[in-house]
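Here's the structure, in structure tokens; my notes come after.
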Amino acid sequence: MTTLHAPSTSRDLYDDATLTDPYSAYAELRGAGSAVYLERHGVYALPRYAEVRRALGDWETFSSAAGVSIAPQFDRLYAGSVIASDPPEHDVLRSVLAERLAPRALRPLRADIEARADALVAEVVARGSFDAVADLAQVFPVSVVADLVGVPQEGRERFLDRANRNFNLFGPANERALDSLGVHDESLAYVREHATRDRLAPGSFGATVYEAIDAGIVSERQGLRLLMTYLFAGMDTTINAIGHAIWLFARQPEQWRALRADPSLVGPAFEEVLRLESPVQGFARTVRRDVAFDDARVPEGARVLLLYGSANRDERRWADADRFDIRRDASGHVAFGYGVHGCAGQGLARIEAHAILSALARRVESFECGTPQRRLNNAVRGLAALPTTVVPAA
Ligand code: HEM
């Protein structure tokens, strides 16, 4: 493929070293141009904030309908799902659970989520030392989301691995993705077997999906995919955000002291975590017409990778972009995307994360973390383990 209209690079954004620390590669891409052709992957990356935001706000030009993976061979897996569709089809799918995830519907759930977070935090803090990923970050979203969707306990032990591996399929067709290929069908089979009408909790999100099937709003196939998407989209994303929050605070104890001194900073602090260590590093779009940026052109039909993780560190948008500062105004970040596909679960994710961070701030005076272990993935950025030792609050 030729790249007459944009700078190009032979960099592999998905090798182990780059996934471990992508930020120098992102800075290089941002310096190269507003769109940069990735020769190895056959897609154009948008590494800067302004262009990512523009693309997210213009679904007619930057379409999700073909798929949001950078490897077209994975498109068929998600074809026609809420994440891989355009309006009007997209809006019908999105409408099914929209009310259940709206602020008004979430408000009554807050007290229960906070109580669960507090109990979990109290339990790990009492141990003194724990793994902030395995014992805390992973435990919480799995139970919260699975309970809301209403699936039975049986089979939940496989969620973490499945959710994580499904995200590999949004990257290139590298070994990591090919190893994960089978997990997509396995996950659908799980939903077919366990998330059935008779096994879902009454009043759950899952029950709402079946009502939409019965009302003819979505087909059975679409409904099952919705269940799978809502189950898995809310796991690694929230887990990675909570894990990174703890790691960022461990590296900057003065920020932890600031949060403890003023608990109302929990909201801005979480947005800053999402900006700095965006759980989803990027999703792709397909351009429906030639697109001109200041210094580059992307031809109709090309696939573009919207690099949320790079946009959120763009020095054109954020002063001292690499610095973790919970007092900055990080609103406007694109860690939840933006526009018609902007994260459907962001209200829930915030409630969960605020609950965990607030409980920690109340119960932990200071803490230290050992060397974290990363879990490398083609789309999501997170930790596999984070040994943590706490000094409980008096
Ligand atoms: C910190 C946690 C989370 C992060 C960072 C996150 C991130 C994202 C991002 C970046 C997108 C945009 C996709 C695109 O641009 O194509 C998205 C979409 C989505 N998210 Fe989240 N997410 C989080 C939590 C959740 C939760 C808790 C749920 C549900 C329980 C959820 C459900 C969804 C769904 C259904 C979509 C697809 C929306 C659409 O295509 O219209 N997410 N999320």
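Both ligands and their constituent atoms are indexed starting at 1 by order of listing. Since this is a predicted model, take the numbers as computed values, not measurements.
No more than 12 heavy-atom neighbours from other residues, nucleotides or ligands sit within 6.0 angstrom of CZ on Arg76. No more than 12 heavy atoms of other residues, nucleotides or ligands shown are found within 6.0 angstrom of CZ on Arg221.
The nearest non-hydrogen atom to atom 12 (C) of ligand 1, considering only Glu352, Arg350, His244, His341, comes from His341.
Distances below 4.0 Å separate heavy atoms of His90 from the following atoms of ligand 1: 39 (C), 40 (O), 41 (O). The atoms of ligand 1 that sit less than 4.0 Å from any heavy atom of Pro279 are 5 (C). The Val340 neighbourhood of ligand 1 comprises atoms 41 (O), with distances under 4.0 Å to a heavy atom of that residue. The distance from ligand 1 to the heavy atoms of Tyr230 drops below 4.0 Å at these ligand atoms: 29 (C), 30 (C), 35 (C).
In this structure, Arg48 contributes its side chain and Arg30 its backbone to a donor-acceptor pair below 3.5 Å.
Counting only protein N, O or S atoms closer than 2.8 Å to atom 21 (Fe) of ligand 1 gives 1.
The salt bridge (charged side-chain N to carboxylate O under 4.0 Å, His left out) check on Arg350 picks up Glu271, with sequence neighbours excluded.
With a 4.0 Å cut-off on non-hydrogen atoms, Glu277 does not touch ligand 1 at all.
Within the structure, ligand 1 lacks Ser64 among the residues with a heavy atom less than 4.0 angstrom away.
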Is there a ring-ring contact (aromatic ring centres under 6.0 Å, His included) between Tyr14 and His41? Walk through the geometry before answering. CA-CA 9 Å; Tyr14 298 88; His41 310 304; 5.0 Å; yes

Verify side-chain hydrogen bond (donor to acceptor under 3.5 Å, both in side chains) between Ser64 and His341, making sure each step is shown before the conclusion. CA-CA 9 Å; Ser64 295; His341 290 281; 3.3 Å; yes

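Checked for salt-bridge contact, Arg375 and Asp236 miss the test: no charged N lies under 4.0 Å from a carboxylate O. Between Asp161 and Arg165 a salt bridge is recorded (basic side-chain N to carboxylate O distance below 4.0 Å). Ion pairing between a basic and an acidic side chain is recognised when a charged N comes within 4.0 Å of a carboxylate O; Glu60 and Arg288 show no such pairing. Using a cut-off of 4.0 Å between Lys/Arg side-chain N and Asp/Glu carboxylate O, Asp118 and Arg362 are scored as salt-bridged.
Here's the thing with Thr229: none of its N/O atoms is less than 3.5 angstrom from an N/O atom of ligand 1. The distance criterion of under 3.5 Å between nitrogen or oxygen atoms is not met by Leu56 with respect to ligand 1.
Taking the ring centre of Tyr23 as origin, the terminal cationic atom of Arg313 falls inside the region bounded by 6.0 Å and 45° from the ring axis. For the pair Arg275 and Trp318, the cation-pi criterion (under 6.0 Å, within 45° of the ring axis) is fulfilled.
The shortest contact between atom 15 (O) of ligand 1 and any protein heavy atom is with Tyr308 OH, 2.6 Å. Given atom 38 (C) of ligand 1, the protein heavy atom at minimum distance is Arg94 NH1, 3.3 Å. Distance from atom 7 (C) of ligand 1 to its nearest protein heavy atom, with residue and atom name: Ala335 O, 3.5 Å.
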